[in-house]
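Below is one structure, written out as structure tokens; comments come after it.
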Amino acid sequence: MGQGQSNPNGSTFYAFGGTGPHHSSQPPLKFNNKHGDNCQILRDGSQAKRGESFCKGIVFSDRPVEIGERVCIRLTELSIRWSGVLRLGFSSHNPVSIQNLPKYACPDLTGKPGYWAKALTERYAESNALIHYYFTSNGDVHFGVNGVDKGLFFSGVDTRQPLWCMIDLYGNCTAIEMVDMRRSLNNFAGESSQQESAQSTPELAPHLLPDTIENVSNALNNLTVSNSNEGHVPLRFNSLSQFHQLGFHSSTGPNVTLNGDRSIVWRHDDEYSNGYVFTEQPVRLGQRFVIQILSTENMYIGSLAFGLTSCDPALLDTSGLPEDSDMLLDRPEYWVVSKDVANTPDVGDELSFLVNEDGTVEFSKNGAIPSVFMHVDSSVNLWAFWDVYGNTQRLRLVGSTSDPVIRPDQIRQDSVASRENDRNNMSMTDLVDLDQNTLDTPPVPPRSRSSHTIVNRTTVNPSLPTNPPLPTQPESPQPSSSRGQDSRNGSDECKICYEATVDCVLYMCGHMCLCYQCALQQWKGRGGGICPMCREVIQDVIKIYKS
């Protein structure tokens, strides 16, 4: 076990004993003079800064790293111009002997013997975040954020030879600095001993009283006895449906709690992940099951994840489930996952899921027209699960129903909404004049990100007829660009990374100027959720497929 020590800035450091990481007696780590073409080494080797572009930012430590020695860096500068996060790892090659460094550590170097690295999870890439990592004698690499260990990062490092720290200043991370954690720990050694003395003598520790009261209060809040009506918000879009009772399974992730009848789940305060919950029985094909969002927390990014698995929750060791639900795909059982399925849900949102006999899985939000967002093997028993992650804090499993999500009294309303949506998205389809009957077709529903890429067959067909061409004249540029403008410029490159091809459209402005990965970053990450061309708020990113 480690002993926590806090500094005035709120960062927490842990001193470990036993087989944990140790602090080297060698001089503090600094950056090597061998580095990528776009990097500078500043402040006597303690800071590395990337200049132009988003790559060619590989840097190394100035000496080999010992087994268990923490490499600790602070993210001092971030940029919203690029997507992607820095890569952390080790190299058994002396940096001085490396002739030419490539653009990227992954996969240009990691594809060769003697190099190991992995990208940091994007949610940890915050300004002034303190990242540390180290390797053990068996070749496992562990990491932590702001002094708190997060667990295994990756494995397979050959520790039989000297290893240098290797970091790729990639994407949105433009500057980092080496931090000597020994100095941080020593600064608070006196404070730690004083606190221990105060704890052993209660009358000498009045400054600990507020924390104690707060901890007791939090503990009492977690012991609240709930009934079946706790936290209910009236249904708006499924109020006429006849629901069969369906609850969550008693096996859950470590950071969530169920109420008495297992219909409501909430994630613990100060936690953002490991909020897995499962249905208590396998899903029935053709039965729609509905959940309702009861509480959100805006301090976290990312949102609810949904998936299906052949693994019986009663036989599952939930303590071993990963922090990132995408890593469930590495498990031996059958798992299918879709992250951020509700696209930042609000309190009261009603989300419905339906598994059809052909294996298609439909999703609908607040009574919208269902869309197929994943395919599964329907020949085996499948349990539905959710990861109460990020800004989703509390939800209710309403039940299952055979009633359709679209009722007859909604048809006219949806038709009017469809025509309005089509008029707002003319630039997305390049259609100049549509027949009135065509406008009655429903809009293309937003796509949810999924770990299984599904080609949507309802993609707008670019071969639909348009008006006859006008007489040949030089075309003047239009102030509001769409796909046509990109074609006239003869460039399909993403306007952020300038490497990948434009393969998505921003909804609702209709601009096609980004690759899918950069568009997601612009929408959900550091792009602020606005189109880089017209500054319109992005409501969704729709993947397109060119024939």
Side-chain angles (χ1 to χ4, degrees), residues 1-6 11-26 28-29 59-61 63-75 85-92 105-106 109-110 114-126 129-170 173 176-185 253-255 270-274 317-328 330-331:
M1 289 292 294
Q3 178 181 0
Q5 301 171 336
S6 298
S11 300
T12 303
F13 302 95
Y14 286 82
F16 286 79
T19 58
H22 76 285
H23 299 288
S24 173
S25 59
Q26 297 194 39
L29 286 171
V59 294
F60 300 88
S61 59
R63 62 170 175 82
V65 181
E66 297 180 352
I67 294 176
E69 178 184 3
R70 293 189 179 193
V71 178
C72 186
I73 60 173
R74 187 182 301 277
L75 310 186
V85 192
L86 81 170
R87 281 73 164 124
L88 308 174
F90 295 98
S91 169
S92 61
C106 304
L109 287 180
T110 54
Y115 297 96
W116 304 268
K118 181 181 176 181
L120 181 70
T121 305
E122 190 166 345
R123 63 176 172 272
Y124 297 137
E126 298 291 341
L130 198 66
I131 311 295
H132 72 264
Y133 68 105
Y134 61 92
F135 64 91
T136 62
S137 58
N138 61 358
D140 291 338
V141 177
H142 297 256
F143 83 110
V145 180
N146 293 329
V148 179
D149 279 300
K150 297 297 182 181
L152 183 66
F153 194 31
F154 60 88
S155 305
V157 176
D158 185 359
T159 62
R160 296 172 297 179
Q161 48 196 327
L163 294 175
W164 282 260
C165 151
M166 179 177 68
I167 301 173
D168 188 356
L169 265 177
Y170 177 83
C173 299
I176 58 175
E177 66 178 3
M178 286 283 191
V179 177
D180 185 6
M181 293 191 70
R182 295 171 299 181
R183 181 176 303 175
S184 301
L185 286 169
N255 293 336
D270 300 327
E271 300 290 349
Y272 61 89
S273 61
N274 277 328
D317 179 12
T318 55
S319 64
L321 294 178
E323 186 176 276
D324 186 349
S325 58
D326 270 345
M327 298 180 65
L328 291 169
D330 297 331
R331 294 177 61 91

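These numbers come from the heavy atoms of this one structure, side chains and all, not from hydrogens, waters or symmetry mates. All figures in this text were calculated on a predicted structure; none of them were measured in a lab.
Between the side chain of Asn255 and the backbone N or O of Ser273, at least one donor-acceptor pair lies under 3.5 Å.
Annotation: side chain of Asp180 is not in contact with side chain of Cys72 (no heavy-atom distance under 4.5 Å). Residues Thr121 and Lys150 form no side-chain contact, since every pair of their non-hydrogen atoms from C-beta on lies 4.5 Å or further apart. Looking only at side-chain heavy atoms (C-beta outward), Thr110 and Arg87 stay at 4.5 Å or farther from each other. Residues Leu75 and Tyr124 are not in side-chain contact: their nearest non-hydrogen atoms beyond the backbone lie 4.5 Å or more apart. With contacts defined as side-chain heavy-atom distances shorter than 4.5 Å, the pair Leu163/Pro64 does not qualify.
Distance CD/Glu126 to CD1/Ile131: 9.5 Å, rounded to 0.5 Å. Note that CD1 of Ile167 and CD1 of Ile176 are 4.0 Å apart. Values are rounded to the nearest 0.5 Å. Summarising the geometry, atom CZ belonging to Phe60 is positioned 9.5 Å from atom CG belonging to Asp168; distances are rounded to the nearest 0.5 Å. Atoms CG and CD1, on Leu29 and Ile73 in that order, are 11.5 Å from each other to the nearest 0.5 Å. For the atom pair OG of Ser92 and OH of Tyr115, the computed distance is 7.5 Å after rounding to the nearest 0.5 Å. With values rounded to the nearest 0.5 angstrom, Phe153 atom CZ is found 13.0 Å from Tyr134 atom OH.
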Trace of the side-chain contact (heavy atoms from CB on, under 4.5 Å) decision for Leu328 with Leu321
CA-CA 7 Å; Leu328 291 169; Leu321 294 178; 3.9 Å; yes
side-chain contact (heavy atoms from CB on, under 4.5 Å) between Leu130 and Val145, worked out
CA-CA 6 Å; Leu130 198 66; Val145 180; over 6 Å; no
List the steps, then state whether side-chain contact (heavy atoms from CB on, under 4.5 Å) holds for Asp140 with Phe135.
CA-CA 5 Å; Asp140 291 338; Phe135 64 91; over 6 Å; no
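Contact detail for Lys118 and Cys106: the closest heavy-atom pair is N-SG, 4.3 Å. For the residue pair Met166 and Leu109, the shortest heavy atom distance occurs at SD-CD1, 3.8 Å. Heavy-atom minimum distance, Tyr133 versus Val141: CD1-CG1, 4.1 Å. Closest non-hydrogen pair, Cys165 versus Val71, comes out as SG-CG1, 3.7 Å. For the pair Ile67 and Ser137, the tightest heavy-atom approach, listed with the atom from each and the gap, is CG2-N, 3.6 Å. For the residue pair Asp158 and Trp116, the shortest heavy atom distance occurs at N-CZ2, 3.5 Å.
Residues Arg70 and Asp149 are paired through a salt bridge, judged by an N-O separation under 4.0 Å between the basic side chain and the carboxylate.
Considering Leu88, Leu120, Leu152 as possible partners of Phe143, the one that fulfils the side chain to side chain contact (heavy atoms under 4.5 Å, CB included) test is Leu120.
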